[in-house]
Chemist: 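This is the structure, below, for whatever I ask next.
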Amino acid sequence: MKNLWRKRKSVLFTWIVSYSVVLFVPWAISLIIYSQSSDALRSEIHRANDSLLKQARYTIDTQIDLMKRLNTEITWNTKLQNLMYSTKTSGDAQYTAYQLVKELLTYQTSYASIDEFYVIWEQEGGVLRSGNVRGKEIAYNTIHATGEISYDQWIGTLRNTPSNSFLLLPHKDALAPKTSIAYLTHLPKDLNGRETGTVVVMADLSRFQEAIESISGFSGGQVLVLTKDNEVLLSNLPDSFDRERVIRSLSDGGTMEADDFELFTISSSVSDLKYALVIPSNVFWEKAEYVRRFTYASIAISMIGAMVLTWFFVRRNYSPIQQLVQSLSDKGSGGYRTDGNELNFIQRAISQTWNEKERMALQLQLHQHTLRSNMLNRLLKGRTDPLVPYGEVFKSFDMKLISDRFAVILFVVENDGNLSSILPGSDEAERRKLAQFIITNVVEELTERRQHAGYVAEIDDMPVCLVNLASGSLSGYMEDLRSIASEAQRFLQQFRLDLTISIGGVHESFAGVAEAYREAVDAMEYKMVLGKQEIITYEDIRIDNDGDLHFGYYYPLQLEQQVINWIKAGDFAEASRAMNDIMERNFNKPVVTLTLAKCLIFNLAGTMVKSINEIGDGESSVFGGNPLWMDRIIACDTIQEMRHELIVLLKEVCAFAAAKRESNVSQERAESLRHLAESVIRHIEEYYDDANLSVNSLGERFELKGSYLSKLFRNETGEGLLDYINKFRIDRAKRIIRSSRDPISDIAKRVGYNEAATFIRVFKKYEGITPGKFKEMG
């Protein structure tokens with residue numbers, strides 16, 4: 001027996017118990033005799049107790065039904081609905097609340113057995129009672145301030161209790177123990193998702209205790225009223241009784257026996273409450289004690305005989321299990337030594353094997369996306385391995401191959417910074433990942449709708465979709481690709497994402513994928529000429545280029561000389577009109593080559609350089625004082641932006657030329673302007689990290705109008721005041737980027753930009769690259 005007890009967790013012990021149950025024939029016969037002899041007594045006792053419990057249920061359900069009916073009438077009261085869900089002014093809402101509380105007085109008369117009811121009005125932070133409207137704290141002091149719970153606990157209880165639930169709340173006007181049963185319902189939220197209110201109906205415990213005490217006096221039992229979660233709402237069990245054990249023994253309906261009590265339960269007919277009757281076993285079994293003792297003696301004799309037979313069969317069947325456990329233990333597992341249950345040990349060994357297999361599968365799945373992106377990256381850039389069977393590789397990544405015809409769609413997100421309004425607090429990397437995720441799902445689904453297969457990867461910070469085309473004609477392919485691009489543009493505008501999209505040609509075999517990608521990249525370059533948020537196909541630019549490459553551009557020498565003369569005269573209106581006419585005449589063609597477009601822009605800039613040089617004092621001109629003027633033009637993404645920068649520069653040049661003609665400016669004024677510019681520069685260098693630093697704030701600082709101060713500063717330094725602020729901030733940002741690993745958003749704030757998107761745009765304008773690229777180069 002001692003050896004068996006040491007193995008009580010073993011399967012050997014379990015089998016002994018199982019076989020004993022089978023072999024306990026005498027025990028079973030004794031149990032049948034006992035059950036037959038006690039059934040008559042049990043049924044009579046059950047009937048009596050069941051009748052008492054149903055009587056108590058009827059009494060309590062009547063009160064509960066009144067509470068629920070009143071709660072429902074209040075909840076669906078038209079004035080309450082109007083108050084909670086209509087957009088009223090504060091005055092109209094108060095008037096509606098006044099009408100509502102007057103109407104609640106009629107409920108108080110109709111439901112005399114309801115001791116208290118009120119509505120929490122979340123919008124105004126008040127409590128609507130019959131006849132009055134009070135603040136939450138005043139209402140708490142009037143109704144619940146018995147010292148049992150605090151105000152905050154009361155608020156927390158109401159908010160955290162599920163709707164349509166019963167709970168106990170203290171009630172100042174109730175009889176001892178100053179407690180009431182409350183039925184709580186949360187009103188639905190409004191259209192903005194805000195909390196509206198809560199309806200609370202209360203009845204004193206004394207109204208329920210009479211029904212409970214009548215049962216206790218008759219049967220000697222105790223009654224519990226429980227919620228659907230088996231939480232005790234009302235009970236007359238003595239404090240010495242193990243209430244938790246009773247609750248653990250509860251079941252829905254019927255009866256249950258324990259060592260020292262009998263338990264009867266019944267469900268409410270009007271709510272989700274349950275009623276339980278607990279009767280001590282000595283009372284319940286008083287008349288059947290003799291039968292019980294006789295049965296115990298029969299069971300004891302039966303068990304002795306069963307143990308002998310069980311031991312014999314268990315030993316014979318246990319040997320295979322013992323050998324299997326020994327085999328697993330020899331392989332280094334220590335589970336059997338610490339647990340003692342052979343089946344658990346075998347189960348853990350199997351589970352560990354399966355867990356290891358699942359872990360390896362999960363690791364492979366986590367890396368699958370990276371491996372797929374890397375494979376597509378190499379395929380698109382033409383770095384293929386002739387020994388790799390890409391057809392099999394596609395199958396391994398669950399990528400269908402419909403045909404051997406491929407095309408490439410390239411996407412550029414022009415304003416991923418707009419996602420910061422959707423995801424406040426997100427950094428640039430998070431926004432880029434979100435944009436990539438949205439584009440991938442949208443484009444792949446649009447491609448699949450047209451019976452093609454699309455697979456999106458990220459190359460050089462740009463989403464690229466490799467399209468495996470189904471059967472069809474070349475014109476049909478291009479129409480489908482344009483439709484996919486157009487629908488993607490429209491759909492992603494919902495997320496405030498503006499896309500420029502380029503489409504390469506259709507090529508066959510995996511070897512043609514790289515050519516299709518190169519064509520898409522070449523087409524994307526024409527964003528500079530055609531503008532952002534366009535859909536550019538390689539087919540269109542290739543045809544136009546073939547026909548237009550040899551024509552050059554229009555800018556005759558005599559017209560250039562006229563522009564130079566207007567600039568020297570400081571006539572910005574005529575000079576800008578001429579330059580706009582030149583650019584309109586050249587760029588109004590369907591497509592102009594990038595090389596010629598850039599040459600024309602640089603030629604126009606060269607015209608301004610010639611004009612300043614002819615005026616003289618070129619080193620101190622706008623070009624000498626602003627050495628990054630050409631960088632600003634080069635950093636532009638499109639011809640339209642370059643045109644804007646040229647006109648801005650032309651205005652500065654004309655202003656400089658006009659200023660040079662004003663020979664009556666005294667040396668004293670020039671010295672004053674120089675001191676003013678030095679003071680402005682010192683102020684900028686000292687407060688460049690202030691986000692409020694601007695042209696207008698500098699104007700207020702030096703008691704000048706901001707635009708006039710900027711003009712004086714430009715006349716003195718040859719550079720715009722805003723440009724100087726931005727360039728100084730960008731210079732400080734570059735130093736910080738080189739010397740630290742702080743996020744771009746933190747660096748932006750350290751140099752005076754509240755928004756990282758603004759910082760990135762300004763940085764790219766003056767440096768030609770984004771801060772992220774500059775950081776990688778450093």
Chemist: With no hydrogens and no angle check, just 3.5 Å: does a side-chain donor-acceptor pair link Asp480 and His452?
Modeler: yes
Chemist: Does Thr758 use its side chain to pair, donor to acceptor, with the backbone of Asn754 at less than 3.5 Å?
Modeler: no
Chemist: Counting only N and O atoms by type, is there a donor-acceptor contact under 3.5 Å from the side chain of Ser745 to the main-chain atoms of Ala756?
Modeler: no
Chemist: One thing to verify: whether Arg518 and Glu515 come together as a salt bridge, which I'm taking to mean a side-chain N less than 4.0 angstrom from a carboxylate O.
Modeler: yes
Chemist: Between Ser740 (side chain) and Ile737 (backbone), is there a donor-acceptor pair under 3.5 Å?
Modeler: no
Chemist: Step by step, work out the side-chain contact (heavy atoms from CB on, under 4.5 Å) result for Val413 and Ile439.
Modeler: CA-CA 10 Å; Val413 181; Ile439 292 172; 3.6 Å; yes
Chemist: Are Lys734 and Glu767 close enough for a salt bridge, meaning some N to O gap below 4.0 Å?
Modeler: yes
Chemist: Would you sort out whether Ile503 and Tyr538 count as a side-chain contact (heavy atoms from CB on, under 4.5 Å), showing the intermediate values?
Modeler: CA-CA 6 Å; Ile503 303 172; Tyr538 181 77; over 6 Å; no
Chemist: Tell me, please, whether Tyr688 has Arg732 positioned over its six-membered ring: NZ or CZ under 6.0 Å from the ring centre and within 45 degrees of its axis?
Modeler: yes
Chemist: Does Tyr766 have its ring centroid less than 6.0 Å away from the ring centroid of Phe728?
Modeler: no
Chemist: Using atom types as modelled and distance alone, determine if a side-chain donor or acceptor of Glu508 lies under 3.5 Å from a backbone N or O of Asp404.
Modeler: no
Chemist: Any ion pair linking Arg682 and Glu686 (charged N to carboxylate O, less than 4.0 Å)?
Modeler: no
Chemist: Hey, are Asp731 and Arg735 close enough for a salt bridge, meaning a charged N less than 4.0 Å from a carboxylate O?
Modeler: yes
Chemist: Quick one: does any side-chain atom of Ser486 pair with a main-chain N or O of Arg482 as donor and acceptor, under 3.5 Å?
Modeler: no
Chemist: Tell me whether Arg729 contacts the main-chain N or O of Val751 through its side chain, where contact means a donor paired with an acceptor under 3.5 Å.
Modeler: yes
Chemist: Are Arg714 and Glu719 ion-paired here, with the side-chain N under 4.0 Å from a carboxylate O?
Modeler: no
Chemist: Specify the closest pair of heavy atoms between Ser697 and Asn692, including all atoms of both residues, with the distance to one decimal.
Modeler: OG-O, 3.3 Å
